Visitor: 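One structure coming up, written as structure tokens, with questions to follow.
Worth knowing before you read on, the calculation uses all heavy atoms, side chains too, and leaves out hydrogens, waters and symmetry mates. Fair warning: this is a prediction, and the values are worked out from it, not measured in the lab. Reminder, nothing fancy here: chain letters follow the sequence lines and each chain counts from 1.
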There are 2 protein chains.
Amino acid sequence: MEHRSKVLVVEDDAGIRQSLFQTLNALGFVIGEAGNGEDALVRLRMVDYDAVLLDINMPGMGGIETCRKMSQQYPGLPIIMLTVLDEEDDKVEALDAGADDFVTKPFQIRELTARLRAAIRRSKAVVVAPNELIVIGDVTLDRVRHRVQKLEVEIHLTPKEFDLLSYLMEHAGRPAPYQRLLTTLWGPEYGNEREYLRVLVNQLRKKMEDDPARPTYILTESHIGYRFRES
Amino acid sequence: MEHRSKVLVVEDDAGIRQSLFQTLNALGFVIGEAGNGEDALVRLRMVDYDAVLLDINMPGMGGIETCRKMSQQYPGLPIIMLTVLDEEDDKVEALDAGADDFVTKPFQIRELTARLRAAIRRSKAVVVAPNELIVIGDVTLDRVRHRVQKLEVEIHLTPKEFDLLSYLMEHAGRPAPYQRLLTTLWGPEYGNEREYLRVLVNQLRKKMEDDPARPTYILTESHIGYRFRES
DNA sequence: GAATTCCTTACGAAATCTTTATGATGAACG
DNA sequence: CGTTCATCATAAAGATTTCGTAAGGAATTC
């Protein structure tokens, strides 16, 4: 079930590469390795990676140049660069070359994975947006046919309920503030009518949550709004 | 390889200035000197310094006033003030005037350079990574998803708690004065209600510190405010 | 006109925020 | 060296806001 993200590690130091391989592999990532930029580009042509971990200091085609080529050839591919402390100027260049984020060596593996996951999540989110089909967990929302299914079973929603769910699922993972929900659902002049929202959420939960009192899909962010759980 | 940082030392006492010059120069900094505030501002126009070391007690335009002018004219320029022991009010004023950090005289050169380097690193990092993910130690704060994790496990925070942590982590390493925290969290009319802040900090510590009585993340700067530890 | 959808109100429960009180800590002072 | 005073930490109670839920009526659709 759980989709293991594929990450390409590009690093000339075989020791670091090895250690990254072991650690990330143990954490559930599928790792590909490359010792230089050219090699990395070849591997990208063969395998569909979810992200690239790229050392900025490499002999031959350097990290910056590799980064530029990658982001040209594979726009949207998350690239995280490994930089050394106090070489902040490199980062500006790297950003320009299309890097998404940085981790400075020596790094904590926790920070690395956190940024890696965040970058992958972001890249996926972009794909979802123009898509007419959103699938999260057991729930499938078809924006074209205006239909919602949970575990292959159709759930009948009223138009307002559908719009709410649609908005929440599109922004799954991040809280949707009351105000935004109200204005997108009812119009700009409605901004304070939270009661409407409460009632609507309640109806929606009754239709799609196993236990409306203990929701697992539509979660409430107290004082802020609501958010759909992510994947 | 290592880019030597340029630091402007502003200090009226020629002896201290001289000694700072020698020490910092030996440690790899490129030093510019100014004997008063006016002179310092002139030099800033000519050279692109990475940081300023500014004595708070100076004849003519005092350190505070100089600091205010500098941070207005060069926002983002790290300013570290040299204060004398037990002049807490000066420190608050200095922070308010735009200083990043301070070192109390008499100081250890080690502490001075540590703060100096930290301030420079921070200033560069801000330009480079306007990131929604802040990772410090075991704590990860995601501003987009409005979530905080410590060691991969989620910590539930109320909105106020989140805002406080968010501000502290964003400014990690430098002291956040009461006043600023109060006005950013409660609004401009709140400036003296330190009790609120104390209680809020206490709640936050209970949720994220291993031992709230001996905090390692949210440190208190006596008479000044609070400071999130850096990396 | 029957069914569906939507709007509106109401109220107990829960979460969050504010306020007060008390003990601990540490610096200032005689 | 003990006292005084201010700040800080902490707990706990009280006030306020927000949430969930049911229910009734208006508007709309079929």
Side-chain angles (χ1 to χ4, degrees), chain A residues 146 148 155-165 168 175-179 181-187 189-227, chain B residues 84-92 104 146 148 155-165 168 175-179 181-187 189-227:
Chain A
H146 253 246
V148 176
I155 301 176
H156 172 77
L157 297 185
T158 72
K160 271 256 150 63
E161 290 164 359
F162 184 88
D163 289 345
L164 172 60
L165 184 61
L168 288 176
Y178 307 112
Q179 184 118 357
L181 288 169
L182 284 168
T183 51
T184 57
L185 288 174
W186 276 275
E189 57 273 23
Y190 294 77
N192 303 323
E193 280 75 353
R194 300 190 187 176
E195 320 82 62
Y196 300 2
L197 196 51
R198 285 211 307 277
V199 174
L200 192 61
V201 166
N202 190 239
Q203 286 172 349
L204 192 48
R205 277 177 174 159
K206 274 197 273 201
K207 291 188 180 180
M208 62 181 300
E209 298 281 2
D210 294 326
D211 178 3
R214 248 171 249 81
T216 63
Y217 293 106
I218 301 167
L219 311 172
T220 123
E221 293 274 334
S222 196
H223 286 79
I224 297 174
Y226 295 92
R227 86 160 195 272
Chain B
V84 279
L85 200 60
D86 301 336
E87 291 289 340
E88 314 284 358
D89 294 345
D90 282 358
K91 297 183 182 174
V92 179
T104 52
H146 231 256
V148 176
I155 302 177
H156 173 80
L157 298 185
T158 71
K160 275 252 151 68
E161 291 165 356
F162 185 88
D163 289 346
L164 172 60
L165 183 63
L168 289 176
Y178 301 114
Q179 182 119 1
L181 289 170
L182 284 167
T183 51
T184 57
L185 287 174
W186 277 274
E189 56 273 26
Y190 294 76
N192 303 322
E193 281 74 353
R194 299 191 188 178
E195 320 84 63
Y196 299 3
L197 197 51
R198 257 188 276 127
V199 173
L200 192 62
V201 166
N202 187 239
Q203 285 173 348
L204 193 47
R205 278 177 174 158
K206 273 197 278 201
K207 290 188 180 181
M208 62 181 299
E209 299 280 2
D210 293 325
D211 178 3
R214 251 170 243 80
T216 64
Y217 291 106
I218 302 167
L219 313 172
T220 121
E221 291 273 332
S222 196
H223 298 255
I224 295 167
Y226 294 93
R227 174 202 304 244

Visitor: Is there a side-chain contact between B/T158 and B/K207, using heavy atoms and a 4.5 Å cut-off?
Guide: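 Yes - at least one pair of side-chain heavy atoms lies under 4.5 Å apart.
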Visitor: Between A/W186 and C/dC7, is there a contact of a side-chain N or O with OP1 or OP2 at under 4.0 Å?
Guide: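 Yes, such a contact exists.
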Visitor: Could you tell me the separation between the CG atom of A/L157 and the P atom of C/dT4, rounded to a whole number of Å?
Guide: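 Going from CG in A/L157 over to P in C/dT4 covers 15 Å.
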Visitor: Side-chain contact test, heavy atoms from C-beta onward, threshold under 4.5 Å: evaluate it for A/V201 versus A/L181 and give yes or no.
Guide: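 No, their side chains stay 4.5 Å or more apart.
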Visitor: Do A/V148 and A/M208 have side chains that get closer than 4.5 Å, going by heavy atoms?
Guide: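 The answer is no; the side chains never approach within 4.5 Å.
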Visitor: Under 3.5 Å, which N/O atoms of the protein pair with N/O atoms of nucleotides 24-30 of chain D?
Guide:
none

Visitor: How does each nucleotide of nucleotides 6-13 of chain D score, in 5' to 3' order, for protein heavy atoms under 4.0 Å: base (B), sugar-phosphate only (S), or none (-)?
Guide: --BBBB--
Visitor: Just the rounded figure in Å: distance from C1' of C/dT5 to CG of A/L204.
Guide: 14 Å
Visitor: Search all heavy atoms of B/N192 against all heavy atoms of B/L182 and return the closest pair with its distance.
Guide: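 Heavy-atom minimum between the residues: N-CD1, 4.1 Å.
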Visitor: Between A/L200 (CG) and D/dA22 (C1'), how many Å, whole number?
Guide: 16 Å
Visitor: Between C/dC7, C/dC17, C/dT18, which nucleotide gets closest to the side-chain atoms of A/K160?
Guide: C/dC7
Visitor: Quickly work out the B/H146 NE2 to C/dT16 P distance and round it to whole Å.
Guide: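 From B/H146 NE2 to C/dT16 P: 13 Å.
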Visitor: Only one of B/D210, B/D211, B/T216 clears side-chain hydrogen bond (donor to acceptor under 3.5 Å, both in side chains) with B/R214; which?
Guide: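 Among the candidates, only B/D211 passes.
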Visitor: Does the side chain to side chain contact (heavy atoms under 4.5 Å, CB included) test come out yes or no for B/L185 and B/Y190, once each step is laid out?
Guide: CA-CA 9 Å; B/L185 287 174; B/Y190 294 76; over 6 Å; no
Visitor: Answer yes or no: is there a side-chain heavy-atom contact under 4.5 Å between B/K91 and B/T104?
Guide: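 Yes - at least one pair of side-chain heavy atoms lies under 4.5 Å apart.
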Visitor: Please figure out whether B/K207 or B/E193 has its closest DNA chain C nucleotide nearer the 5' end.
Guide: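 With B/E193 and B/K207 compared, the 5'-side residue is B/K207.
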Visitor: How many Å lie between CG on A/L164 and P on C/dC6, as a whole number?
Guide: 11 Å
Visitor: Separation of B/Y190 atom OH from C/dC17 atom C1', in whole Å?
Guide: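 For the pair B/Y190 OH and C/dC17 C1', the rounded distance is 11 Å.
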Visitor: Ignoring hydrogens and angles, write down the donor-acceptor pairs under 3.5 Å from the side chains of residues 217-226 of chain B, residues two or more places apart or on other chains.
Guide:
unit_1: B/E221; atom_1: OE2; unit_2: B/R227; atom_2: NE; d: 2.7
unit_1: B/E221; atom_1: OE2; unit_2: B/R227; atom_2: NH2; d: 2.9

Visitor: Output the rounded distance in Å from CG (B/L219) to C1' (C/dT25).
Guide: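 Taking CG of B/L219 and C1' of C/dT25, I get 17 Å after rounding.
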Visitor: Quick check: closest heavy atoms across A/P212 and A/K206, and the distance to 0.1 Å?
Guide: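 Shortest heavy-atom separation between A/P212 and A/K206 comes out as CG-CA, 3.9 Å.
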Visitor: Rounded off to whole Å, could you give me the CD-to-C1' distance for the B/E161 and C/dC17 pair?
Guide: 10 Å
